[in-house]
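To keep things clear, I will list the structure first and then write my remarks on it.
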Amino acid sequence: MTGVLKNCCYVSVALDVPLTRLFEYSCPAEYAPVIGARVIIPFGPRRLAGVILSVATETAFDQTKIRPVVALPDDMPPLAEDVLALSRFCADYYGHPLGQVLATALPVALRQPKAFVPPEPGGVYQAGNLDALLQSLSPRATAQKQLALMLAQPMARAELAAVSPSANKWLKNWIEAGWVFFTETLPDAIPLPVGAAGANAEQAAAIALIDGQHASFAAFLLFGITGSGKTEVYLQTIAACLARGKQALVLVPEINLTPQLEARFRARFPSARIVALHSGLSDKERVLNWLSASRGEAHIVLGTRLAVFTPMPRLGMIVVDEEHDASFKQQEGLRYSARDAAVYRAHQRQVPIVLGSATPALETWHNARQGRYRLITLQHRAVGGAMPPQIEIIPMHRAKVVEGLHQATLNIMREHLAGGQQVLVFINRRGYAPVLSCGECGWLGECKRCSAKLVLHLNERRLRCHHCGYEEVIPSACPDCGNQDIRPLGQGTQRIEAALETLFPDAKILRIDRDNTRRKGSLQEMLRQVSAGEANLLVGTQMMAKGHDFPALNLVVVLNADAGLFSVDFRGEERMYAQLLQVAGRAGRAGTQGRVLIQTGYHDHPFYGQLLAQDYAAFADAQLDERRSMQLPPFAAYALLRAEAEEGALAKAFLLQLQAVLADAPGVQMFDPIAATMQRKAGMERWQLLVMSDTRHPLVNALKRIALMLEARNNKVRCILDVDPIEM
DNA sequence: AGCACGCCGACT
DNA sequence: GTCGGCGTGCTC
Ligand SMILES: [Zn+2]
Ligand SMILES: [Zn+2]
């Protein structure tokens with residue numbers, strides 16, 4: 001039995017609940033429901049916000065169970081077809097309920113089941129018909145008359161409101177009567193760039209190539225070393241995009257979206273409306289910026305991965321800077337890759353996309369080598385006479401070592417400091433030492449809730465687990481044998497800092513890691529100190545590797561580099577190469593050649609030969625050959641099912657059930673479930689099942705078979721699906 | 001997910 | 001006796 005109602009229709013709505021199906025509601029026709037509109041509906045005992053995905057005049061659903069919508073808040077433009085298509089793609093490809101994908105796409109304020117009330121937009125009031133207005137006023141209404149006379153000129157709201165507390169009410173009435181007009185301040189249609197740097201021949205060619213494709217989809221890999229001027233290429237292609245009256249979407253890694261980057265864009269386009277979109281904004285700022293983009297007012301959206309879903313009616317191009325960066329992959333909920341989503345979106349909208357990197361992800365490199373992406377190489381350093389750094393390997397085998405530092409390293413550091421230059425010691429381990437141990441019985445401080453060692457934090461006098469947050473006081477003796485002589489093993493940033501204080505008593509040492517930059521703004525303050533020369537010997541973790549340029553920094557020392565070399569993850573070397581090249585890029589910007597010392601216990605490992613060549617293209621080609629021969633991504637499609645439970649056997653059993661369902665899916669291979677690399681984390685036992693196929697489609701199809709099993713409630717086992725996992 | 005309902009253990 | 005534990009069902 002289908003139902004038909006007069007002046008009423010049915011809408012199906014996607015909701016932010018972990019359920020794949022849509023829900024149908026009746027809706028009065030005068031609400032004018034449209035696809036993509038936000039809607040507030042009753043859901044059991046509560047109220048939720050959702051997105052309308054279809055509108056129909058009848059329904060196949062049980063008439064008696066259909067409830068009416070509460071409201072269509074009309075507080076955002078309905079989501080356009082390309083955003084809906086991208087959301088459907090993500091729901092399908094990453095195996096996530098569409099309603100939850102749409103919730104990820106919307107700013108928090110627009111996920112709430114109440115209308116968002118925007119502050120009044122900036123603008124001016126002016127009388128359109130002053131005579132009629134004045135005649136309508138009673139002769140004794142002097143305040144109203146004063147207000148009306150002011151409106152002979154365009155006036156901002158603040159000045160008018162000062163006339164009378166009722167000014168707002170009168171203005172509203174006069175606008176309704178048609179005597180007064182409100183004109184919103186709109187941005188320039190075409191904001192002009194100022195201070196564009198002269199592009200060198202390579203940059204000019206790149207700009208011409210990208211801009212030549214402005215009318216259709218094309219993906220470019222802009223491959224250029226640090227200092228080769230990728231940003232200038234972005235800025236000039238964006239200028240061309242804006243000149244056509246279009247909007248530009250720029251995605252950058254979380255850590256790179258700094259006030260400095262924003263300032264650089266604003267300096268180039270002073271009359272443009274540039275909005276930032278990242279998780280550091282308040283809900284209010286975020287929704288306002290999002291709405292500005294979706295109304296087509298913002299010219300440039302500068303955002304992190306979440307910005308890939310921003311509706312932009314006049315989208316003209318997309319840039320993904322540092323496209324290899326891991327922060328483009330969300331690691332919870334909808335585990336999407338914003339880089340892949342951006343390529344999908346560019347294709348959907350038929351606009352060019354530029355992926356920029358000095359060390360492209362092998363997936364991207366492969367696409368470029370296959371000709372799917374156009375490779376543009378910037379070989380030369382665009383910045384005044386800068387040279388690539390000189391990388392040297394310091395073999396640690398049987399060497400004289402002081403607190404993890406080789407004698408040769410110390411000598412070179414001393415020279416640089418004496419020459420008035422800055423030195424960065426890079427060590428990717430925070431804390432004092434990665435573990436505390438007993439020399440008598442071999443006891444190691446371990447976390448009770450994780451398969452991990454407790455890191456010694458001497459400053460705070462605590463042992464701390466970096467995986468679950470567990471903390472305890474440093475024991476005074478070995479808990480197993482009572483031996484008093486327990487010592488820290490290995491180096492962390494705090495220990496290096498302490499050692500350097502003894503070794504270089506005159507140096508101004510500054511440690512920068514997550515432990516002392518938690519407070520908002522503290523990182524910016526420390527970076528300022530470094531730029532101002534208030535510190536000359538820096539100790540830092542990977543947060544120092546990215547994007548900050550210090551002209552006086554000429555020597556980078558890398559300690560404990562080897563970790564990525566023997567990683568269980570096949571991406572270990574790729575990541576390590578990218579990281580080392582990135583940190584090497586910190587050395588030597590101002591005309592002099594930088595120097596990079598890498599201390600390693602495996603100096604004859606072939607990896608270091610490839611690194612010394614500083615030829616990422618050759619390294620990437622070699623890695624691709626290896627991946628091809630081993631049938632690893634990008635020559636295979638991977639999905640990882642991660643299950644965790646208090647009892648490991650339950651997690652494993654659940655994965656075995658999934659495996660059985662997937663077993664006869666065409667074109668799909670699996671290994672048996674295995675314990676996760678970190679088998680125990682925060683008191684949960686973790687197992688994983690790897691699902692593989694030659695191409696994406698059989699994999700995505702196979703995974704649909706288990707969607708319901710993952711959706712079903714399971715109190716004992718928590719299981720999540722990670723398509724294209726970046727960590728195994 | 002979140003929220004109601006319902007049925008058993010140890011509390012004022 | 002009832003307060004609250006969480007297993008189960010349901011949401012158009
Ligand atoms: Zn002991
Ligand atoms: Zn732990």
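In what follows, chains are A, B, ... by sequence order, proteins preceding strands, each numbered from 1.
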Measure from [atom1] on [X] to [atom2] on [N] and round the result to the nearest Å.
X: A:E58; N: C:dC12; atom1: CD; atom2: C1'; answer: 17 Å
X: A:N714; N: C:dG9; atom1: CG; atom2: P; answer: 14 Å
X: A:I40; N: C:dC12; atom1: CD1; atom2: C1'; answer: 17 Å
X: A:E332; N: B:dA1; atom1: CD; atom2: C1'; answer: 15 Å
X: A:E711; N: C:dC10; atom1: CD; atom2: P; answer: 15 Å
X: A:R47; N: B:dC3; atom1: CZ; atom2: P; answer: 14 Å
X: A:K65; N: C:dG9; atom1: NZ; atom2: C1'; answer: 13 Å
X: A:D62; N: C:dT11; atom1: CG; atom2: P; answer: 10 Å

Checking ring-ring contact (aromatic ring centres under 6.0 Å, His included) against A:Y336, which of A:F89, A:F309, A:Y93 comes through?
A:F309

Counting distance alone, no hydrogens or angles: does the base of B:dA1 have a donor or acceptor under 3.5 Å from a partner atom on the side chain of A:R46?
yes

Distance-only donor-acceptor test (3.5 Å): side chain A:R713, base C:dG7:
no

State whether [X] and [Y] are salt-bridged, where the test is any N-O pair (Lys NZ or Arg NE/NH1/NH2 against Asp/Glu carboxylate O) under 4.0 Å.
X: A:D722; Y: A:K329; answer: yes
X: A:R305; Y: A:E254; answer: yes
X: A:R627; Y: A:E574; answer: yes
X: A:R339; Y: A:D325; answer: no
X: A:R680; Y: A:E446; answer: no

Classify A:F43 by what it touches in the nucleic acid, base, sugar-phosphate, or nothing, heavy-atom distance under 4.0 Å.
base

Within the 3.5 Å criterion, strictly below it, is a donor on A:T64 or A:D62 matched to an acceptor on the partner's side chain?
yes

Pull out every residue in residues 14-23 of chain A that has a heavy atom closer than 4.0 Å to any atom of DNA chain C, ordered by number, or say none.
A:L19, A:R21, A:F23

